[in-house]
Amino acid sequence: MKKGDHLFLVDGSGYIFRAYHALPPLTRKSDGLPVGAVSGFCNMLWKLLREARDTSVRDTPTHFAVIFDYSAHTFRKQIYPDYKANRSAPPEDLIPQFGLIRQATKAFNLPCIEKDGYEADDLIATYARQAEAVGAEVTIISSDKDLMQLVTPLVTMYDSMKDKQIRIPDVIEKWGVPPEKMIDLQAMTGDSTDNVPGIPGIGPKTAAQLLEEFGDLDTLLARASEIKQQKRRENIIQYAEQARISRQLVTLKTDTPVDVGIEDFSLEPQNGPRLVAFLKAMEFNALTRRAAEATGVDASEIEPANVIIQAVAEAHGPDLDISNEDDLPKPPAPVTANVPSPKTANGNIQATPADLVKSRTDQALSAKIDRSSYATIRDVAALQVWIDEAMASGVIAFDTETTSADPMQTEVVGLSLATRPGRAAYIPINHVSGDGDLLGGGLVAHQIPEREVFRMLKPLLEDASVLKIAHSMKYEWLVMHRYGIDLHPLDDTMLISYVLDAGEGSHSMDSLCDRWLGHKPLAYKDLIGSGKSSVTFDKVSIERATEYAAEDADVTLRLWRLLKPRLVADGLMSVYERLERPLIPVLARMEERGISVDRQILSRLSGDLAQSAAAIEEDIYRLAGEKINIGSPKQMGDILFGKMGLPGGSKTKTGQWSTSAQLLEDLAAEGHELPRKIVDWRQLTKLKSTYTDALPGYINPRTKRVHTSYAMAATSTGRLSSSEPNLQNIPIRTSEGRKIRTAFIAEPGNKLISADYSQIELRVLAHVAEIPQLTQAFADGIDIHAMTASEMFGVPVKDMPSEVRRRAKAINFGIIYGISAFGLANQLSIPREEAGQYIRTYFDRFPGIKDYMEATKAFARQHGYVETIFGRRAHYPEIRSSNPTHRAFNERAAINAPIQGSAADIIRRAMVRMEPALNEAKLSARMLLQVHDELIFETSDEEVEATIPVIRHVMENAAMPAVSLSVPLHVDARAAHNWDEAH
DNA sequence: GTCCGACCGTA
DNA sequence: TTACGGTCGGACG
């Protein structure tokens, strides 16, 4: 950029709100999508750009950019937490337009600029000053008074709605001060819309008058005592500091670290087909016609762009403050039946989100996948083409091929991306020749160097305006993070499927591809082989890798186009946006941090366990009279019930003797020696093989810590699961088992903090079933099981026998599990009739429970699913089964799911909020583990005291404000050097 | 080598 | 009586 050039900067975010309120509402005819602001925006851009080609008009742009707010979390919030705190969520019918306007910007072939942590105004200020510095002219398309401080002889504002220029004299006329004094003026007057406080009692007129008299704010504050009016003087003195803070808030940042420079804003020619496709999709007929004409495109030959989905997809962060609860798009009301629905090209009626889903589903099945069409990217020039294309499309599907399933150990072999269905490519990076001699073949030729690939991809993968989609994004995030890339923003087809269809089968890409696209993708196993003869992916030929990897990206993109609109259609967008998507980076960081495990402690425990087990083995062989495999339930059953003839039920559907711990305990209680020994032996060997022997193998050689993996889409209820290793089943119930927890330790100078919800599921039950006695008991903080026992058996809580309380506790848990007389009888080792009587008594005392259970079953039968208090669904397609046992099982699960699932949702919410809360409190605690109702943190000794209240606060308030529970949540938290003592 | 059932650790 | 994952033995190929 040089002297004489002219930069146009459009305040995109300012425009959206202004246009929304100023223009009449407009909806797309075919489906009611609100597009008023989009329409105004497109017309404005069209006008500005048309004049750009008209050489008779003097003020025409040579450079052009549209600037947006990224999120409400800006540096101003750090200075003043209440900044913009009074902003309510944007109107519902404005929300889809945020994404659309960004797409419109791209359709017009204009740079679309936003930056996390900064407001559009700061970016505008920075670019304006940069352009001015080289002598170029600047026109800011906005009428916002906050930008008026930027006006200079070279920098003008333009109010596009009033078609009015704003220059220095215009500012003076309107505000009584020149642009350079606008900052001080705003600091005094404050701004109620942004919640900038200012000085009470001082409006623009007074402020201008004071600035006229004193020159500037600092002078005024220093000489405030000279002011004659008593009230005004007092206010200025009292609120001097507030005015200084306000000045910081209204001062635009002219040194924002920008990712895109002004030289990149040079005005490019229109891309006619792309612009027409977008306008056509918006159904802006007049503008479509004009654009087609001006760019020499035959509009009838252009397919409308796919924008609805992107509108939904791009409601991911920009302009939305995710900390508010009510800012997510809800499914638009269906068009009423008497409104004729226009038909789309393929004949489908497309009037509601559901209809869109239907047509997408049909399309997906008919659009065939052609693996031979995929590209292999082998040089920098080709890669640049794909990056440009990806940048322009704003949405890419993405997949990495790696050497290991463990993201903490793996190396990238190649990377695939898809920009639209059928358009996908593979970038080989680290393929080696397969004919490995001892030296290993070495890198295959014609691969772009790894460093170069990541250097080129980083801006794309971190670009806020390009949505990255993957199937199982957490894995991709972790892999990319190892290469220094902060992958965002994200969408995950596995999680979308999980939110939509939890309980309806697997969410793996292969099964979704089969289910939705009617296609079987290449099997991973067919490429790498299996077992001993299997190879790592870097040995796969680049040709086959291209077909496989690009197909995965292609399939991911197709699934996304199909599944994402269902979130809106089914009213599940907020579940996805609140409980799934934001958790991806949170869990990824937890996995990345890992936890320290003391090898020596485990090794010593292994030795102890081996010794104890060996001693018992001797006894068992002696009692059994022969040397058998104690670990074989089959052999053990034959000895106990065959050879020795002990009484016991056969059980197990395979006809084997059952040798469960419960059964052996009962036999032991009757005085038999062998069963007792077997139970003890099993406990010891279980602890040894599953924990003390196995855990050291999970210590990562690089980090020296253990990194579990959390599955986000594995359970039907919304719980996480943990594997490799499973850190959600580390022993605690027996003293022997607990010792294993002493091996989980904090780094020197640090502590582990364990914070767990007390009785969260019973509290959820009290809330959802509206049980007055339970609610009251939780409000009073009394022992819930004792209260239950007292209600049921008429025993006073004081001096209650422990057996009575134990039974009530078992019943309480039974209720949560969808109780049956059979199960309760088993649990308490009592006759089924007695258990049945307990249940009847319970239902008598708490009739709301019975009602809740019946209502839940009825709901499940009617809908095929049940819901948590946050709207998460768990599907039970077999709840109408004609098999009574099977049906009863589904009913119990359906009763349990809303309770277990709501608790799971609550802790997910807490986890999403935890890092921002700790950051805000300037605490360095790291969240390491989640165990369903417990969170484990690691932090320095000095910060422990300050950290615990923050953790508790976040956890105890996690349901708010979406759900106001009728019972308080209570969290116990403790710190210690190891997990055993912290819990 | 792969799969399944029994068993058992957690919430 | 709910929800998981890991280890083992044993049967299958």
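Computed from a prediction, not measured in an experiment: that's the story for all the values here. Proteins come first, then strands; the chains are lettered A, B, ... in the order of their sequence lines, and each starts at number 1.
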Side-chain N or O of [X] closer than 4.0 Å to phosphate OP1/OP2 of [N]:
X	N	value
A:R719	C:dT2	no
A:N629	C:dG9	yes
A:S721	C:dG5	yes
A:S660	B:dA6	no
A:T659	B:dC7	yes
A:S716	C:dC4	yes
A:S658	B:dC7	yes
A:T652	B:dA6	yes
A:S530	B:dT2	yes
A:T654	B:dA6	yes
A:R733	B:dG9	no

For the pair made of [atom1] in [X] and [atom2] in [N], what is the distance, rounded to whole Å?
X	N	atom1	atom2	value
A:E891	C:dA3	CD	P	13 Å
A:I899	B:dA11	CD1	C1'	14 Å
A:L720	B:dT10	CG	P	19 Å
A:W681	C:dT7	CH2	C1'	11 Å
A:E934	C:dA3	CD	P	22 Å
A:K525	B:dG1	NZ	P	13 Å
A:Q728	B:dT10	CD	P	13 Å
A:I628	C:dG9	CD1	P	12 Å

Just compare [options] and give me whichever is closest to any side-chain atom of [X].
X	options	result
A:S820	C:dA3, C:dG5, C:dT1	C:dT1
A:S632	C:dG9, C:dT7, C:dG5	C:dG9
A:P633	B:dG9, B:dA6, C:dT2	B:dA6

Any base atoms under 4.0 Å from [X], or only sugar-phosphate, or nothing? Heavy atoms, all strands.
X	value
A:A897	nothing
A:Y698	nothing
A:I732	sugar-phosphate
A:A694	sugar-phosphate
A:G631	sugar-phosphate
A:Q635	sugar-phosphate
A:I816	nothing
A:R682	sugar-phosphate
A:Q683	sugar-phosphate

Original post:
Would a line drawn from the ring center of A:F846 to the ring center of A:Y842 be shorter than 6.0 Å?
Top reply: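 Yes, close enough.
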
Original post:
Between A:F859 and A:Y876, does the ring centre distance come in under 6.0 Å?
Top reply: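 No, ring centres 6.0 Å or more apart.
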
Original post:
Between A:R676 and A:E673, is there a salt bridge with N-O shorter than 4.0 Å?
Top reply: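 No salt bridge links A:E673 with A:R676.
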
Original post:
Is any NZ, NE, NH1 or NH2 atom of the basic residue among A:E665 and A:R682 found under 4.0 Å from an Asp or Glu carboxylate oxygen of the other?
Top reply: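 Result for this pair is no, no salt bridge flagged.
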
**OP:** Give a yes or no on whether a donor-acceptor pair under 3.5 Å exists between the nucleobase atoms of B:dG9, that is its base, and the side chain of A:N729.
**Re:**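 Per atom types, the contact qualifies.
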
Original post:
Is it true that a side-chain atom of A:Y838 and a backbone atom of A:M792 form a donor plus acceptor pair closer than 3.5 Å?
Top reply: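 No.
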
Original post:
Got a donor-acceptor contact below 3.5 angstrom from the A:K474 side chain to the A:S709 backbone?
Top reply: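 No, A:K474 side chain to A:S709 backbone: no donor-acceptor pair under 3.5 Å.
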
**OP:** Kindly state whether the pair A:Y817 / C:dT1 counts as stacked, where counting means centroids closer than 5.5 Å and planes tilted less than 30° apart.
**Re:**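 According to the criterion (under 5.5 Å, under 30°), no, A:Y817 does not stack.
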
Original post:
Do the side-chain N and O atoms of A:T742 and A:D980 include a donor-acceptor pair separated by under 3.5 angstrom?
Top reply: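 Looking only at side-chain atoms, A:D980 and A:T742 do not form any donor-acceptor pair under 3.5 Å.
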
